[in-house]
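Note that the structure is predicted; figures quoted are calculated from it, not measured. Residue numbering restarts at 1 for every chain, and letters A, B, ... go by the order of the sequence lines.
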Amino acid sequence: MPVCVIEEGRKGPDHQGTIIPISNISTSRNHANHSVKGRVVQKGPLVSSSSHNFILKAVLQEVGPSPQRASINMVLLGTLAKDFSQAVSEGDVVVASGFSVGKSPTALKDKRHPCNLMLSGEDAFIHVRVGPAPPANATSPKAVKRKIPAEGPKYSYTKLNNLKAGEVVNVYGVVVFFKQPYMSRGSDFCSSLKITDQSQLKVSCTIFCNKLESHPQILQIGNIVRMHRVKAHPYNDTLTLLNTFGFSALVFDGTVGAAVEPRTASKSFHFAEEDRRAVEELRLWAASQALPRADATLTLSAVQPKMYFDLTCQLLAKATIDSMCTLLRVWDGTRCPHALLKVAAEPDMVEGPTSFSEEHEKLIASVLVYDNHVPFAQQIKPGDFLRIYNLRAIPGWVETPDTSSPRSEEVNHLSFHLHGGTAYGRGIRPLPDDSPEIQDMRRAMDAFQVHHEVSHHDVNDSVLCGAWATPPCCPGNVFWNVPHAAPCNLLTSSRLIPAERTCDHIVEPLTLSEVKRSLPGGTHHHVRVQLRSYEPRRLHQALKLYCSKCTSMQDVPDEERLDNIFSEAGADADSDPMQRWNNPPPWIRSDDVHIHAELTRNPPVRTLNVSTSAQLLSEGKVKELIFITGTTLQETCHLAAGYHNVVPMKLSEGHLSLLDPPAPFLFRGRKRFYRCQQCSKTSLKEPNTDGVLDEKTISEALGVQMLKFVLLMKFRLQDATDTLDVFLWRDAESFFNVSADAAAANQEAQDSIRETLDLLCPPWDRAGERPWMDACLRAYRPSEDDAQTFYQICHTSKSTSKPPILNPQHSKLSK
DNA sequence: GCTTAGGGTTTG
């Protein structure tokens with residue numbers, strides 16, 4: 001037998017050759033006498049294959065203390081695959097021998113070993129140690145003995161046409177009718193369902209159980225249910241099934257091709273390959289039958305008056321109307337083509353917000369639930385996700401106090417009623433936040449909120465304005481404006497992993513707790529993480545000025561600070577600076593410029609003295625470069641629209657000099673250039689006017705060490721094991737696919753960064769919605785003496801089909 | 001405790 005099971009504690013046969021580490025596997029080596037030992041971390045399904053009879057894929061991971069555990073794909077063929085499927089479980093440690101080594105076609109995608117192990121034929125062996133090794137942090141050394149499925153409990157399932165009165169059986173069936181569990185007159189909740197199978201017989205089942213979670217979790221007609229220990233009772237002239245002692249139920253999606261994942265609250269249940277097959281067979285059979293409509297669920301956008309339907313929605317607020325009626329205010333992110341009735345409620349009876357934004361209100365449906373559903377409605381809370389079964393869309397009208405007849409535009413407002421009783425499966429079921437049934441709806445809700453509450457909100461709203469908010473005191477400043485992310489982008493891209501590694505380090509992915517435990521020092525780690533939070537929330541603060549010479553970093557000065565610097569410098573410089581300038585350089589020429597801008601307050605037209613180089617003046621290129629004194633910040637910005645390069649200066653004690661940092665030394669269009677105070681040795685030489693006059697030639701002439709825009713953020717990453725604070729700096733531009741210069745100068749770039757962050761860390765949402773990203777982290781210590789390890793995200797980019805935003809000149813705001 | 005419900009032609 002090619003799969004040999006060894007009980008924990010016993011020695012296995014010793015014909016497996018030398019055990020070599022997984023990382024040593026190579027196509028260029030002869031592994032005939034080698035074995036590989038590892039834990040089965042993934043075990044795929046047994047798949048029938050025409051060429052090999054059976055095929056099964058599994059992933060083997062190196063066992064041992066190393067935090068960087070190599071893993072390798074393993075492909076088993078024929079009988080070996082079948083035996084492996086029965087005898088081996090995820091978590092088992094196996095030794096594989098007699099394999100051949102091939103190139104793994106999925107290595108790039110799964111980041112596992114570039115080779116895979118092929119096991120087939122007489123020589124291939126798998127030795128299994130049954131019982132999981134204790135996890136790294138477990139204290140108990142006791143090995144758990146586990147039954148091998150093949151020897152474990154065997155269940156047989158009775159077809160519905162073979163039921164005998166009084167017999168306790170196990171059954172599979174397709175749900176053709178169901179009621180959510182409801183409180184019976186006795187001591188238990190009662191669920192009622194009707195199932196069918198290939199025998200075509202339809203059988204009613206009644207489940208009494210005082211625990212809600214033990215009831216079959218049926219969400220839709222067409223679901224497949226497996227029930228253990230139900231007893232056939234004769235009733236009228238048919239048999240019905242009732243649960244007996246030891247009853248358990250699994251429910252599966254009934255869609256052909258969907259994952260076969262049992263829905264159950266039970267932590268231990270038997271589920272084997274034959275169960276998977278049974279589910280798939282029933283799905284196929286059901287698809288070929290004229291069974292009741294599988295899905296009565298509609299979105300509000302598809303509802304027509306007088307319809308009965310099932311609604312999947314989120315509760316926003318609720319209100320007690322009277323003892324027999326509760327109002328639920330719900331939405332599903334879609335817009336109903338018919339106007340929705342807003343049912344009035346006493347404000348002190350409302351739980352949750354009493355009103356919403358005008359746009360939001362248009363999407364909110366009023367659901368009135370009656371009688372037996374009222375106690376259930378009392379238990380649910382605003383924010384909960386629900387499915388309401390057999391809801392009726394009732395056309396009605398809004399009564400206005402000043403007229404006895406409804407106004408024409410107010411008729412046919414829809415409200416929704418959940419009538420009393422459980423007929424037609426009427427009821428309400430809460431859905432968990434991570435339920436697949438609500439994912440589409442949540443995307444629609446996100447899109448709505450991003451679209452309406454970000455782009456149309458009031459700029460002064462301090463809650464929503466937290467991001468690229470305009471720094472204070474900046475009239476007319478269009479920088480750092482409020483973003484408007486496109487909802488369609490979010491809709492499509494949130495399904496993807498929105499960031500991916502671009503490096504070619506060959507290291508195994510680690511969990512964050514493993515990263516924290518691993519040794520420091522110049523290493524790269526690959527992680528799969530979510531972005532839990534980030535700083536700064538006001539993204540203009542993420543933009544810094546960096547000196548590549550002294551490596552200092554400083555904040556970009558806000559407009560208020562610059563205003564002050566300009567007004568201080570201009571306080572005593574209103575008159576012609578040439579008159580008061582001791583020994584002006586011989587290449588400087590002055591002229592008057594009239595500022596007619598609406599920006600000048602008093603007097604409305606102001607004359608400014610500007611200087612330029614004699615060379616430029618003689619060439620008629622005055623527009624190329626001017627030096628100005630005594631202007632306000634606004635006037636400087638205004639001049640920068642008409643002159644290519646504007647250098648603001650101040651005159652003090654007869655000397656003309658650049659404004660003090662952090663004032664920009666140069667304005668070029670919308671762009672501003674800053675200097676490092678420490679590294680600049682300012683002078684005033686005539687710039688070389690031969691070539692292009694740009695920030696580089698001007699900074700050289702002025703003896704200025706220019707500062708560079710950089711993006712610096714702190715991310716808090718999380719995975720199932722831990723959280724980790726990391727910096728995003730050196731590779732921030734490639735991460736966002738946006739240059740810091742562009743982020744400093746244009747809205748499109750800022751929006752793009754905002755979008756990426758909103759995608760990774762949805763602002764209105766709970767953690768469950770956050771996408772995962774693959775990231776590369778560099779661990780480092782700033783110096784030998786530092787005890788603390790820091791991490792930076794590197795070689796990681798947001799996934800994008802858009803071209804990078806690199807050129808600030810493309811700003812849609814540029815004139 | 002050993003019952004509860006046993007779909008259904010749909011109130012407000």
Side-chain angles (χ1 to χ4, degrees), chain A residues 160 163 165-166 168 173-196 201-212 214-216 218 220-223 225 227 229-247 291-294 296 298 303-311 319-328 341 343-345 365-375 377 388-399 413-429:
Chain A
L160 297 175
L163 297 175
V168 175
V174 181
V175 176
V176 292
F177 171 78
F178 69 105
K179 286 181 183 181
Q180 292 302 324
Y182 60 92
M183 203 59 218
S184 71
R185 278 182 245 263
S187 59
D188 296 324
F189 288 101
C190 173
S191 346
S192 168
L193 56 146
K194 190 180 268 180
I195 58 173
T196 185
L201 217 67
K202 291 189 175 72
V203 174
S204 293
C205 318
T206 306
I207 312 298
F208 292 111
C209 189
N210 58 6
K211 288 188 188 132
L212 263 180
S214 302
H215 286 254
I218 300 163
Q220 272 177 25
I221 287 176
N223 281 172
V225 63
M227 292 186 286
R229 298 176 203 91
V230 285
K231 188 172 178 180
H233 281 252
Y235 176 72
N236 292 340
D237 49 356
T238 60
L239 290 174
T240 60
L241 292 171
L242 253 107
N243 58 311
T244 61
F245 181 74
F247 167 81
L291 291 177
R293 200 158 55 116
L298 289 181
V303 168
Q304 296 299 327
K306 299 185 179 176
M307 269 184 163
Y308 289 92
F309 67 105
D310 300 341
L311 177 66
T320 302
I321 302 294
D322 57 48
S323 65
M324 300 310 261
C325 180
T326 297
L327 167 67
L328 305 179
L341 184 71
V343 174
S366 297
V367 175
L368 292 164
V369 310
Y370 291 95
D371 304 341
N372 56 312
H373 308 297
V374 168
I388 308 177
Y389 294 90
N390 197 236
L391 201 53
R392 175 116 208 245
I394 309 265
W397 49 84
V398 180
E399 291 195 25
H413 279 52
L414 287 187
S415 64
F416 301 88
H417 291 206
L418 181 66
H419 297 315
T422 62
Y424 300 94
R426 287 195 292 254
I428 305 178
R429 174 176 201 106

A:Ser191 and A:His215: CA distance, side-chain angles, deciding distance, side-chain hydrogen bond (donor to acceptor under 3.5 Å, both in side chains) verdict: CA-CA 7 Å; A:Ser191 346; A:His215 286 254; 2.3 Å; yes

Partner of A:Leu328 under side chain to side chain contact (heavy atoms under 4.5 Å, CB included), chosen from A:Ile428, A:Val343, A:Leu368, A:Leu418: A:Ile428

Gap between atoms CG and C1', on A:Leu241 and B:dT4 respectively (whole Å): 17 Å

For A:Asp310, side-chain contact (heavy atoms from CB on, under 4.5 Å) partners two or more places apart: A:Ala296, A:Thr297, A:Tyr389

Per-nucleotide protein contact string for nucleotides 5-12 of chain B, where B marks a base within reach and S marks sugar-phosphate only (heavy atoms under 4.0 Å, - for neither): BBBBSBBB

A:Thr422 side chain to A:Arg426 backbone, donor-acceptor under 3.5 Å: no

Pairing residues for A:Phe189 by the ring pair (Phe, Tyr, Trp, His ring centres under 6.0 Å) criterion, not counting sequence neighbours: none

